[in-house]
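Here is the naming used below: chain letters follow the sequence lines, and residue numbers restart at 1 for every chain. Owing to the predicted nature of the structure, the values given are computational and were not obtained by experimental measurement. Heavy-atom basis, side chains included; hydrogens, waters and symmetry copies ignored.
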Amino acid sequence: MDPISDTAPSDFIRDIIADDFKTNRHEGRVATRFPPEPNGYIHIGHAKSVCLNFGIAAQYGGTCNLRMDDTDPAGESLEFVESIIQDIHWLGFDWQDRLFFASDYFEQLYAFAVELIRAGKAYVCSLDADEIREYRGSFTEPGRESPYRNRSVEENLDLFARMRAGEFADGEHVLRAKIDMASPFIVMRDPVIYRIKRAPHHRTGEAWVIYPMYDFAHCLSDALERITHSICTLEFENNRPLYDWFVDQLISWDHPRQIEFARLNVSYTVLSKRRLIELVENGHVSGWDDPRMPTVAGMRRRGYTPEAIRNFCAEIGVAKNDTVVDIALLEHCVRQDLNDRAPRTMGVLKPLKVVIDNYPEDRTETFTCPNHPQNPVLGSREVPFSRVLYIERDDFMEDPPKKYKRLGPGREVRLRNAYVIRYASHNRDAVGGEVTEVHCAIDPETRNAPPADGRKVEGVIHWLSAAHAAPAEVRLYDRLFSVPDPAAAGDDFVKFLNADSLEVLKGCFVEAGLTEAAPGARFQFERTGYFCLDEKDSRPERLVFNRIVALRDSWSKGQGKA
RNA sequence: UGGGGUGUCGUCAAGCGGUAAGACACAGGCCUUUGGAGCCUGCAUUCGGAGGUUCGAAUCCUCCCGCCCCAGCCA
C-alpha cells in the first residue's frame with residue numbers, strides 16, 4: 001500500500017514545509033527522521049509521529065531516516081531496536097538503507113564537544129548532581145555560576161580526555177556547555193552535555209564510558225544527517241533555544257529546524273513509556289504484544305490493520321493543542337477497514353443446542369454462503385446444516401421483551417443463509433434451571449426464500465451444525481482501563497485497570513473451514529464482531545481467536561448493556 | 001512564581017478580516033436474510049472572558065482567566 005494515498009492531510013507543519021519548499025529554503029530538500037529511543041516498544045502515539053514524518057517525506061519526494069536515539073545505555077536494548085524496526089515496517093513505511101544510530105556518531109559528537117571546549121564554550125564541571133541542581137536556581141531565581149566554569153581550555157581538554165579514558169568514577173565530572181546561568185530558559189543554564197556512565201551499550205559495548213546527553217546529540221545528529229525539518233513533541237519546545245545554540249556553534253551548513261506538535265493521548269489507555277513498562281513488568285498484561293496494549297505489537301496481535309492505524313493517524317490531525325482522542329475513533333477506523341475486507345463467517349461464542357424436530361437425523365445439506373454480502377469478489381463457502389445446531393445463547397429468551405427479534409416461545413426466526421425455524425419447546429436443567437436445549441421446526445419452504453405466505457420474519461440469527469463445527473477458544477478484549485483518563489490518577493493508574501478487559505471463552509464453535517485459516521487471518525463473525533486467529537497460540541487442532549473489535553450493536557445499546 | 005506553549009460542538013479539528021468545514025460520538029428515521037453495512041436528518045446565532053479597532057472580528061489590539069510544559073548527570 002502507498003501510505004500517502006490513504007488521505008492527503010494538511011496541517012500547520014505541512015504548511016510550514018510547503019512554504020519552505022516553495023521558497024527553496026533547504027535547496028528544495030525535505031528530509032525528516034523518526035528518532036525513537038530503543039528502550040521500549042512503540043505505540044499508537046509513536047505511530048502518529050511515524051505517519052507524520054514518513055508521510056511528509058513521501059509527499060515531497062524527500063527522505064525520512066529511522067534513527068535510534070541510543071545515547072543512554074540504561075534501558076536500551078537490541079530487543080527494542082528490532083521490535084521498532086519490525087513495527088514501523090509493518091505500519092507500511094520504509095527507510096531503505098537509512099537506518100542510523102546516534103551511537104554511530106559518538107566519535108563525531110566527541111569531536112564536536114572538543115571543538116566547543118576549544119572555543120571556550122564548554123567546561124568540565126566537578127560539582128555533583130545535587131550541587132548542580134542547587135546552582136541551577138529556580139523558575140524565579142537565576143542560577144549561580146559553577147566554581148569550575150572558568151577552568152582553562154587546556155585543563156578542560158585534559159580532563160575531558162581523561163573522562164573518556166575512564167580515569168574517573170561515574171558522576172565525578174560532567175562536561176557542560178557555557179551559556180547563561182541567568183537564562184529564563186532553564187535548559188540554557190549551562191546544560192550538561194556529557195556524563196560518565198559505566199554501562200554496556202547494546203551497540204558500542206564497553207568502548208565508551210561517557211555518553212552525550214539528548215540535547216547535544218539530537219540536534220547534531222539531525223545536522224549530520226542533513227535533516228531539514230526536525231519534528232518532535234511539544235515538551236521539547238523549551239529545548240529549542242538550546243537545539244539552535246548547538247547548531248549555531250558547530251554547524252556550518254544548512255541548519256535543521258525543529259518544529260513541535262502535540263503528542264497523542266487516547267482515552268481509556270495510557271501511552272507514557274514509563275507506564276507501559278510498568279504494565280509489562282508488573283504482569284498486568286502478558287507482554288508488550290498483549291492484544292490490549294496500545295503498542296503497535298499489541299494492536300497487530302489484536303488484529304488491527306496498518307491501514308486502520310494510518311487512517312486513524314490521518315483522522316486525528318496534527319496541531320499544538322493537548323488532546324485526548326476518543327478511543328472510539330480508533331475502533332471506528334478498525335471497523336471501517338475490516339468491514340470492507342474481512343470475509344464473513346459464523347461463530348457461536350456461547351452455544352445453545354437447537355434440535356430441528358422435523359429434520360431427519362441422518363440428513364445433511366449444504367448452504368452456499370457469500371463471504372461478503374456486498375462484495376461478491378470475496379467468493380462464497382459451503383456451510384453444512386443438520387438436525388442438531390448451535391445458536392448463540394443470547395439469541396433465545398424464555399420471556400423476551402416485545403422488541404426482541406430473536407427466538408423465544410411462539411416465535412420464529414431466520415437462520416442466517418438458511419431456513420426459517422419456529423419454536424416448539426425447550427428443556428431446562430433440573431438443577432440450575434438453565435435452558436439446555438430448544439426444539440424447533442423448520443419451514444422447508446423458506447430455504448433461502450421468504451415465507452410463501454408473505455409473513456414477515458424479522459430476526460436473523462447465526463448458527464452452526466453441531467456435528468460439523470470446529471471447537472475454538474475465543475478471547476474477548478475490552479478497553480484496558482475503566483476510566484477515560486487513567487493517567488490522571490498519577491502513579492495509582494493501575495487501580496483503574498478494567499477487570500473485564502479480557503474474557504476467555506472456551507467452549508466456542510466456528511465453521512470447520514477456519515481450521516485451515518492462516519495465523520493472523522481476520523474474519524467477521526456475523527452479528528458479533530471481527531476476530532483474528534491468534535498468531536502465537538492458535539493451532540489448527542486448537543483454534544484461538546482474538547476479538548479485534550465488536551460490531552456496532554444498537555440493540556444492546558438500547559438495552560442499556562455494554 | 002520566571003519562561004515557553006495553548007484555549008473553536010461531548011471528543012478531535014478546519015478557519016489566516018467578509019459573516020463557523022469535516023470526522024467520531026450522540027439522537028431520530030429509511031432500508032436490510034448480519035439489531036451489521038449503507039442511506040437520510042438533527043447536533044456551536046457562536047469561537048475561554050471583558051473591553052476596543054472596523055461597515056464587518058473566531059480571525060487585529062488591550063487586559064483578564066483556564067490548562068499544558070521546563071528546575072534529570074532521562075529522552
Side-chain angles (χ1 to χ4, degrees), chain A residues 10-11 15 35-37 39 69-72 74-75 125 127-129 132-134 136-143 170-176 183-189 191-197 210-211 213-215 217-218 232-241 260 262 264 267 273-274 312 314-333 335-336 339-340 344 346 372-374 403-406 413-418 420 446 448-450 457-462 484 524-529 550-559:
Chain A
S10 176
D11 53 69
D15 289 346
E37 183 188 14
N39 67 346
D69 219 340
D70 55 351
T71 57
D72 179 6
C125 181
L127 257 19
D128 67 30
I132 286 182
R133 189 182 327 114
E134 256 174 62
R136 191 149 34 218
S138 69
F139 290 148
T140 47
E141 300 157 47
D170 289 11
E172 203 173 330
H173 305 287
V174 292
L175 184 69
R176 290 228 251 169
S183 174
F185 289 95
I186 291 187
V187 81
M188 298 295 270
R189 323 243 263 225
V192 171
I193 59 182
Y194 266 92
R195 74 285 210 183
I196 303 171
K197 198 167 200 168
I210 58 172
Y211 292 97
M213 298 286 290
Y214 165 85
D215 285 307
H218 196 90
C232 65
T233 45
L234 248 30
E235 67 270 27
F236 293 105
E237 211 151 20
N238 293 307
N239 301 49
R240 193 168 66 223
E260 310 85 7
L264 172 65
S267 61
K273 204 172 276 187
R274 214 206 85 236
F312 171 74
E315 277 307 311
I316 59 179
V318 178
K320 297 187 72 162
N321 304 324
D322 286 318
T323 59
V324 181
V325 174
D326 192 342
I327 197 169
L329 180 59
L330 213 207
E331 295 167 345
H332 162 79
C333 290
R335 276 191 203 100
Q336 184 180 253
N339 178 49
D340 294 336
R344 270 58 183 185
M346 293 189 284
H372 191 116
Q374 281 82 37
K403 300 190 81 172
Y404 187 78
K405 300 203 298 194
R406 311 175 195 178
V413 72
R414 158 79 62 184
L415 294 177
R416 176 70 166 159
N417 289 128
V420 169
T446 58
N448 269 322
V457 178
E458 264 205 300
V460 180
I461 65 173
H462 54 101
Q524 185 197 98
F525 288 3
E526 288 198 270
R527 302 208 308 134
T528 306
L551 249 26
R552 288 184 62 218
D553 181 0
S554 55
W555 166 248
S556 66
K557 190 175 290 173
Q559 298 296 296

Exercise for the section: Quick one: look up who B/U59 pairs with, Watson-Crick or G-U, both distances under 3.5 Å, and put none if it's unpaired. Expected result: none
Practice task
Scan A/Y194 against the nucleic acid and name what it touches under 4.0 Å (heavy atoms): base, sugar-phosphate only, or nothing.
Solution key: nothing
Exercise for the section: Classify the nucleic acid contact of A/R416 as base, sugar-phosphate or nothing, counting any heavy atom under 4.0 Å across all strands shown. Expected result: base
Practice task
Report yes if a donor N or O on one partner sits less than 3.5 Å from an acceptor N or O on the other, where the partners are the side chain of A/R552 and the base of B/G35; otherwise report no.
Solution key: no
Handout entry: Nucleotide opposite B/G7 in a Watson-Crick or G-U pair, distances under 3.5 Å
Key = B/C65
Practice task
Would you indicate whether the side-chain heavy atoms of A/N239 and A/H218 approach each other to under 4.5 Å?
Solution key: no
Handout entry: Whether A/R344 side chain and A/E526 backbone form a donor-acceptor pair below 3.5 Å
Key = no
Problem - Between CZ on residue A/R335 and CD on residue A/Q524, distance to nearest 0.5 Å - result: 11.0 Å
Problem - pi-stack flag for A/F185 and B/C70, centroid dist under 5.5 Å, interplanar under 30° - result: no
Handout entry: B/C67 and B/U1, which share atom name P, separated by this distance in whole Å
Key = 11 Å
Exercise for the section: Have a look at A/E260 and say if it touches a base, only the backbone sugar-phosphate, or nothing, with a 4.0 Å heavy-atom cut-off. Expected result: nothing
Exercise for the section: Using the P atoms only, state how far B/G66 lies from B/A50, rounded to an integer number of Å. Expected result: 16 Å
Exercise for the section: For nucleotides B/G72 and B/C64, find the distance between their C1' atoms and express it as a whole number of Å. Expected result: 35 Å
Handout entry: Side-chain N,O (A/K273) to OP1/OP2 (B/C74) below 4.0 Å
Key = no
Completion exercise
Relative to its sugar, using the 90° cut-off around 0, the base of B/G72 is syn
Handout entry: Straight-line distance of A/E134 CD to A/D128 CG, nearest 0.5 Å
Key = 8.5 Å
Problem - Rounded P spacing from B/A13 to B/C24 in Å - result: 16 Å
Problem - A/E235 (side chain) and B/G5 (base): donor-acceptor pair under 3.5 Å - result: no
Exercise for the section: Would you kindly check whether a donor in the side chain of A/R527 faces an acceptor in the base of B/U34, or vice versa, at under 3.5 angstrom? Expected result: no
Practice task
Could you say whether the aromatic ring of A/Y214 and the base of B/A75 stack, counting only centre distances under 5.5 Å and plane angles under 30°?
Solution key: no
Problem - B/G36 base / A/N339 side chain donor-acceptor hit below 3.5 Å - result: no
Practice task
Determine the contact category for A/V318: base if any of its heavy atoms lies under 4.0 Å from a base atom, sugar-phosphate if only primed atoms, P, OP1 or OP2 are that close, otherwise nothing.
Solution key: sugar-phosphate
Handout entry: Euclidean distance for P, B/G52 against B/A58 (whole angstrom)
Key = 15 Å
Problem - Contact nearer the 5' end of RNA chain B, comparing A/E37 with A/A262 - result: A/A262
Practice task
Test for a donor-acceptor pair under 3.5 Å between the base of B/U1 and the side chain of A/E141, counting only N and O atoms.
Solution key: no
Exercise for the section: Assign A/M346 to base, sugar-phosphate, or nothing according to its heavy-atom contacts below 4.0 angstrom with the strands shown. Expected result: nothing
Problem - Any side-chain heavy-atom pair of A/H332 and A/E315 under 4.5 Å - result: no
Problem - 5′-ward residue of the pair A/H332/A/I186 relative to RNA chain B - result: A/H332
Practice task
Have a look at A/K405 and say if it touches a base, only the backbone sugar-phosphate, or nothing, with a 4.0 Å heavy-atom cut-off.
Solution key: base
Practice task
Write down the partner of B/A13 under the Watson-Crick or G-U wobble criteria, each distance required to be under 3.5 Å.
Solution key: none
Practice task
Rounded to whole angstrom, note down the C1' distance from B/C60 over to B/G15.
Solution key: 16 Å
Exercise for the section: Answer with base, sugar-phosphate or nothing: what part of the nucleic acid does A/N239 contact at a heavy-atom distance below 4.0 Å? Expected result: base
Exercise for the section: Check every strand shown and say whether A/N39 touches a base, only sugar-phosphate, or nothing at a heavy-atom separation below 4.0 Å. Expected result: nothing
Fill in the blank from the handout: Answer for the Watson-Crick or wobble partner of B/A37, both distances under 3.5 Å, is none
Practice task
Quick one: label A/V324 by what it contacts on the DNA or RNA (base, sugar-phosphate, nothing), any heavy atom closer than 4.0 Å.
Solution key: sugar-phosphate
Problem - Pairing partner of B/A21 (Watson-Crick or G-U wobble, both distances under 3.5 Å) - result: none
Problem - Sugar-phosphate only, base, or nothing, as touched by A/T71 at under 4.0 Å among non-hydrogen atoms - result: sugar-phosphate
Practice task
Look at the side chain of A/D72 and the base of B/C74, then say whether one donor and one acceptor between them are separated by less than 3.5 Å.
Solution key: no
